[in-house]
Amino acid sequence: MAQYMFLLFDSEEWYDNITAEEWQSTMKLHNAFAEAVEAAGASILGGAALERSGTASTVKQREGAEPLVTDGPFIETKEALGGFYLIEARDLDQALELAKQCPSGNVEVRPVMDTSAEAAPPA
């Protein structure tokens, strides 16, 4: 089994007008997704929803200078990182099939790099 990070990107505008009922409906979709992952023989190893990007702080490393800390996200985009799942799946094909079921506007699927001492350097 391999590990994949599902990065969930979507517009943050829905936060502005979401009702309690809509929030509960969204959470039910994520619970159904978790059940689908398990039913497929894969696992969710971790995950979380993130606060809005406006709550972010960014630390930028600078050669020869102290790191610079700023309020807000590093980049401006129409979609923001809203959460993530760490999935253990058989292979990339299974991970992509599961990502198609994830209730998010856009799901970036990335393999988790093995950084153990026994691992080969990245290609």
Side-chain angles (χ1 to χ4, degrees):
M1 299 289 271
Q3 292 181 2
Y4 298 90
M5 182 66 71
F6 285 21
L7 302 167
L8 313 182
F9 290 90
D10 216 331
S11 168
E12 291 184 308
E13 291 177 4
W14 72 277
Y15 282 108
D16 296 335
N17 301 308
I18 193 165
T19 65
E21 293 80 23
E22 291 169 325
W23 178 258
Q24 291 303 319
S25 177
T26 299
M27 293 302 98
K28 286 180 183 177
L29 292 173
H30 282 276
N31 289 335
F33 170 68
E35 290 171 6
V37 169
E38 293 296 324
S43 302
I44 295 176
L45 303 178
L50 302 175
E51 293 288 344
R52 294 179 76 142
S53 62
T55 66
S57 297
T58 299
V59 178
K60 184 175 183 176
Q61 301 296 335
R62 303 181 301 167
E63 190 171 328
E66 286 292 314
L68 176 66
V69 178
T70 59
D71 291 336
F74 182 65
I75 58 173
E76 293 288 327
T77 63
K78 291 184 180 185
E79 285 92 23
L81 178 62
F84 65 93
Y85 286 108
L86 178 58
I87 304 286
E88 188 170 58
R90 184 174 51 253
D91 53 26
L92 179 60
D93 290 336
Q94 183 183 36
L96 293 173
E97 286 304 313
L98 293 169
K100 291 176 185 177
Q101 299 176 53
C102 187
S104 180
N106 300 285
V107 180
E108 179 179 332
V109 177
R110 294 177 69 179
V112 174
M113 184 184 297
D114 181 356
T115 59
S116 66
E118 299 81 35

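Bear in mind the structure is a predicted one, so any value in this text is a computation, not a measurement.
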Minimum side-chain heavy-atom gap [X]-[Y] below 4.5 Å:
| X | Y | value |
| --- | --- | --- |
| Ile87 | Ile44 | yes |
| Leu98 | Phe6 | yes |
| Lys60 | Thr70 | no |

As an exercise, state the distance from [atom1] of [X] to [atom2] of [Y], rounded to the nearest 0.5 Å.
| X | Y | atom1 | atom2 | answer |
| --- | --- | --- | --- | --- |
| Leu8 | Asn106 | CG | CG | 9.5 Å |
| Ile18 | Gln24 | CD1 | CD | 9.5 Å |
| Arg110 | Gln3 | CZ | CD | 14.5 Å |

Heavy-atom closest contact ([X] atom, [Y] atom, distance):
| X | Y | value |
| --- | --- | --- |
| Asp71 | Ser57 | OD1-OG, 4.2 Å |
| Leu7 | Phe84 | CD2-CB, 4.3 Å |
| Thr55 | Glu51 | OG1-CB, 3.4 Å |
| Val109 | Ala95 | CG1-CB, 4.2 Å |
| Asp10 | Gly105 | OD2-N, 3.0 Å |
| Met5 | Val112 | N-CG2, 4.0 Å |

Would a hydrophobic clustering, with Ile, Leu, Val, Met, Phe, Trp and Tyr connected at side-chain separations under 4.5 Å, put [X] with [Y]?
| X | Y | result |
| --- | --- | --- |
| Tyr4 | Met1 | no |
| Met27 | Trp14 | yes |
| Leu86 | Phe9 | yes |
| Val37 | Leu92 | yes |

Q) Do other residues, nucleotides or ligands put more than 12 heavy atoms under 6.0 Å from the CZ atom of Arg52? A) yes

Q: Spell out, as yes or no, whether a donor-acceptor pair under 3.5 Å connects the side chain of Glu12 to the backbone of Ser53.
A: yes

Q. Between the main-chain N or O of Glu21 and the side-chain N or O of Ser25, is there a donor-acceptor pair closer than 3.5 Å?
A. no

Q) What pairs with Glu38 under salt bridge (charged side-chain N to carboxylate O under 4.0 Å, His left out), at least two apart in sequence or on another chain? A) none

Q) In terms of the angle between their ring planes, are Tyr85 and Phe33 parallel, tilted or perpendicular, with boundaries placed at 30° and 60°? A) tilted

